[in-house]
Every structure is written in C-alpha cells, then in structure tokens.
Asks: 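One structure is given below, represented as structure tokens, and several questions about it will come after.
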Amino acid sequence: MAKKSQWTLVGKRKLELSNLEKVLFPEDGVTKAEIIEYYLKIAPTLLQHIKGRALTLIRFPDGIHGENFYQKNRPEWAPDWLEFVKLGKEEKKDYIIATEPASLVWLANLASLELHQLHSRKPDFEHPDYMVFDLDPPEGYDFPKIVALALDLRTFIESFGYTCFVKTTGGKGIHICCPLEPKWDFHTVFEAAQAIALPFTERFPKETTLHIKKEARKGRVLIDIFRIRSGQSIVSPYSLRGRIGAPVSMPLTWDELTLVKNPREFNINNAVDK
DNA sequence: GGTTGCT
DNA sequence: AGCAACCAACGCCAA
DNA sequence: TTGGCG
Ligand SMILES: [Mn+2]
Ligand SMILES: [Mn+2]
C-alpha cells in the first residue's frame, strides 16, 4: 500500500487525502478512495438530510476490524471552513456540521465510516425536528419479522396523528422517523414517544419490550425510544456502517420495505442509484 | 488519522 | 527522519 | 461511583 497523500480540489476547498489505497473493508476490498468516492456521489442527497445537524462520527482508522471510536469534537487542526456549533455541557464541544461535499470528503479521509446525527437542526438545537422509534432486534432475529413489526408500529403511531418515514439502519434494525415542528423540547418529545410505545408493547408483549437491559428482553425486540435525548444520536440516512458488506442506512418507502429480505441488500455498491 | 515530543 | 505515545462520546438507570 | 446499554 502506497502510503502517500495527495492534494485534491473539492468545490473551492483544497484537501490533502492520505492512504487512499488502504483497504478499510477487507472482505469487500473497499478502499478509502472508494469510501470518499461514495460520500462524494451521495453528497447531494446526504447533505440535505444532515443540513444544520450536529454530527457524531464513528471512525475506523485501521479498518472495520481495527479499533473504532466515537468522535463528537471538531479537532483544533480542522480546516477553518469546516462549520461547527458549540453544544453540550458548558458548550464544551465543537460539534461538526457538514455543509458541502468537501466537509464529507474531509470526514471520510479521517476514516469516519459512520456519520451519526443529533435530532435537532440549526438554529434551534434545543428542539428535535423528528421523533424516532429505533427497533432493535435480538441476535438472529429474522429481518422480515422486524419489518412486520415496523408496519404494525407505523399504523399505531399514525393513529396518533403523526406521519412515519422508515429506513434500514444498515445493521439489523429499523428506524421509524416522524417529522415534528421544532417546537417541543427533548423531554416532551420523549414522553410523547413513550405514550405511544408503551401501549404498543402492551399490545405485543411477546414480541416487543421497552426494557433496555439485555437480560429483561428475553428475545423480544427493543422499541428504543431512549435515543430521544439531547446529545444522543442515530446513524444518518445514507451513512455507511463499519460492518462486513459496507452496508448503508437506507431510507425506503413503506412498500419497498415490505420487499426487503435482508438489510445488507443496501450497500456502498448500490446505494447511490436508489 | 493526525499531532506532538523524543532521539 | 523515524518512531512511540496520546487522543478521539454521551445520557440514563440499576446495582 | 461503576457498569451496562444503545
Ligand atoms: Mn438501533
Ligand atoms: Mn493509526
């Protein structure tokens, strides 16, 4: 592997990219160059979804089998054009905001395979603009069974007057997102989600639970509403995941979701076309 | 992955 | 110039 | 305060 770096122009930004031929997904032979290329191609779509959102990165500098770590803080040595917002305790952290294709390329060069997002948008970081229901299946759960549960949950949520959008997580689960006016704080939105999820788990007690502890779940699907808190994040739509197959969190219509047998159908090789 | 500090 | 060390999240709850 | 959890 040639460990050189090379300069490139993305829009009006000059970027130094390193180790472009380094393989970060060994089973799939996917190099850092291909990851950067993916994020460049998906940029017009992805940027719309993460516009104004504070990001959390998951970086895999030594590939998906090497050490990985979350990163929320924008490093001191980031380029001055990379936008950020001070958030968190005492506004201690400079959260990154991606505003242009070059932002995504800069992040990809750091091996930020996964982009996760907070639930609020600039300029109103105190008020989430969606309510998310994160379906977390136990090990070995058949994906079509999660799909069936998601369809039921959708009907249930919409009976409360919300509209539901859905995406695969790129892992084993599903995210249901309900757009909101950024008018209520995190606690209020959490309680609204709880007021929906609790009766849902009571209707399907054998299949679903609100217990986050593994021991208490007993093979049931966790309806994880506990992401709805300030400083918490979910994987962004169209983000890669650091797993074998280079899967992508893929937004789908409900009709499309019905046909999905395996969420690994959506990956770095086909996500751009969709 | 990038930076800093030591040899 | 080369190399080793160091750093890179957070919120909540039960124990 | 720590450990488990996503
Ligand atoms: Mn999940
Ligand atoms: Mn390294």
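Proteins come first, then strands; the chains are lettered A, B, ... in the order of their sequence lines, and each starts at number 1.
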Asks: Nearest whole Å is fine: how far is dC13(C) P from Lys214(A) NZ?
Replies: 19 Å

Asks: Consider the side chain of Asn19(A), meaning its heavy atoms from C-beta on, and name the nucleotide among dA9(C), dG6(D), dG1(B) that approaches it most closely.
Replies: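 Nearest listed nucleotide: dG1(B).
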
Asks: Compare side-chain N and O positions of Ser18(A) against OP1 and OP2 of dG2(B) and report whether any pair is under 4.0 Å apart.
Replies: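 Looking at the OP1 and OP2 atoms of dG2(B), one of them is under 4.0 Å from a side-chain N or O of Ser18(A).
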
Asks: Between Thr188(A) and Glu191(A), do the side chains contain a donor N or O and an acceptor N or O under 3.5 Å apart?
Replies: no

Asks: What interatomic distance, in whole Å, is found between P of dC5(D) and the corresponding atom of dA9(C)?
Replies: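 dA9(C) and dC5(D) have their P atoms separated by 23 Å.
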
Asks: Calculate the interatomic distance between Ile36(A) atom CD1 and dG1(B) atom P; express it in whole Å.
Replies: 11 Å

Asks: I want to verify a distance call: between dG6(D), dC10(C), dG2(B), whose nearest atom is closest to the Arg227(A) side chain?
Replies: dG6(D)

Asks: To the nearest Å, give me how far apart CZ (Phe226(A)) and P (dC5(D)) are.
Replies: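 Answer to the nearest Å: 14 Å.
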
Asks: Figure out the CD1/C1' separation between Ile58(A) and dC10(C), and round it to whole Å.
Replies: 12 Å

Asks: Within less than 4.0 Å of OP1 or OP2 of dG2(B), is there a side-chain N or O belonging to Asn109(A)?
Replies: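 Yes.
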
Asks: Counting the atoms with a prime plus P, OP1 and OP2 as sugar-phosphate, which does Ser233(A) contact under 4.0 Å by heavy atoms, base, sugar-phosphate, or nothing?
Replies: nothing

Asks: Hey, is the side chain of Arg229(A) pairing donor to acceptor with the base of dG11(C) inside 3.5 Å?
Replies: no

Asks: At under 4.0 Å, does any side-chain N or O of Lys93(A) touch on OP1 or OP2 of dC10(C)?
Replies: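 So the side-chain polar atoms of Lys93(A) do come within 4.0 Å of the phosphate oxygens OP1 or OP2 of dC10(C), strictly under.
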
Asks: Using the P atom as the reference point in each nucleotide, state the distance between dG5(B) and dA8(C) in Å, no decimals.
Replies: 16 Å

Asks: Rounded to the nearest angstrom, tell me the gap between atom CG in Leu82(A) and atom C1' in dG2(B).
Replies: 15 Å

Asks: Identify the nucleotide, in any strand shown, that forms a Watson-Crick or G-U wobble pair with dA9(C), with both distances under 3.5 Å; if there is none, say none.
Replies: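 In the structure as shown, dA9(C) has no Watson-Crick or wobble partner.
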
Asks: Under 4.0 Å, counting only non-hydrogen atoms across every strand here, what does Phe69(A) touch: a base, just sugar-phosphate, or nothing?
Replies: base

Asks: Just the rounded figure in Å: distance from P of dC13(C) to CG of Asp224(A).
Replies: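 After rounding, the gap between these two atoms is 13 Å.
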
Asks: Mind checking Arg217(A) for me? I need base, sugar-phosphate or nothing, with any heavy atom below 4.0 Å counting as a touch.
Replies: sugar-phosphate

Asks: Considering the options Asn19(A), Val30(A), Leu113(A), Asp62(A), which one meets the side-chain contact (heavy atoms from CB on, under 4.5 Å) requirement together with Leu24(A)?
Replies: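 Checked Asn19(A), Val30(A), Leu113(A), Asp62(A) against Leu24(A); only one passes side-chain contact (heavy atoms from CB on, under 4.5 Å): Leu113(A).
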
Asks: Is it possible for you to say whether Ile96(A) and Tyr238(A) belong to one hydrophobic cluster, with membership spreading through side-chain heavy-atom contacts below 4.5 Å?
Replies: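 As far as the 4.5 Å side-chain criterion goes, Tyr238(A) and Ile96(A) are connected within one cluster.
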
Asks: Compare every heavy atom of Ile176(A) with every heavy atom of Ala150(A), then report the nearest pair and how far apart it is.
Replies: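 Smallest heavy-atom distance, with atoms named: O-CD1, 3.8 Å.
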
Asks: Can you tell me the distance, in whole Å, between the CD1 atom of Ile212(A) and the P atom of dG4(D)?
Replies: 14 Å

Asks: Applying the ring pair (Phe, Tyr, Trp, His ring centres under 6.0 Å) criterion to Tyr130(A), which one of His49(A), His119(A), His175(A) satisfies it?
Replies: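 Of all the options given, the one that passes is His119(A).
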
Asks: Taking only the side-chain heavy atoms of Leu222(A) (C-beta and beyond), determine which of dA9(C), dG1(B), dG6(D) contains the nearest atom.
Replies: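 When the side chain of Leu222(A) is considered, dG6(D) is the closest of dA9(C), dG1(B), dG6(D).
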
Asks: Roughly, in whole Å, what's the span from NE2 in His187(A) to P in dG11(C)?
Replies: 16 Å

Asks: Below 4.0 angstrom from OP1 or OP2 of dG1(B), is there any side-chain N or O of Lys22(A)?
Replies: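 Lys22(A) to dG1(B) OP1/OP2: side-chain N or O found under 4.0 Å.
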
Asks: Judged by modelled atom types alone, do Ser18(A) and Lys32(A) share a side-chain donor-acceptor pair under 3.5 Å?
Replies: yes

Asks: Taking for each residue the nucleotide of DNA chain C bearing the nearest heavy atom, is the 5' side occupied by Gly231(A) or by Lys213(A)?
Replies: Gly231(A)

Asks: Which part of the nucleic acid, if any, lies within reach of Asp136(A) when heavy atoms closer than 4.0 Å are counted: base, sugar-phosphate only, or nothing?
Replies: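 Sugar-phosphate only.
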
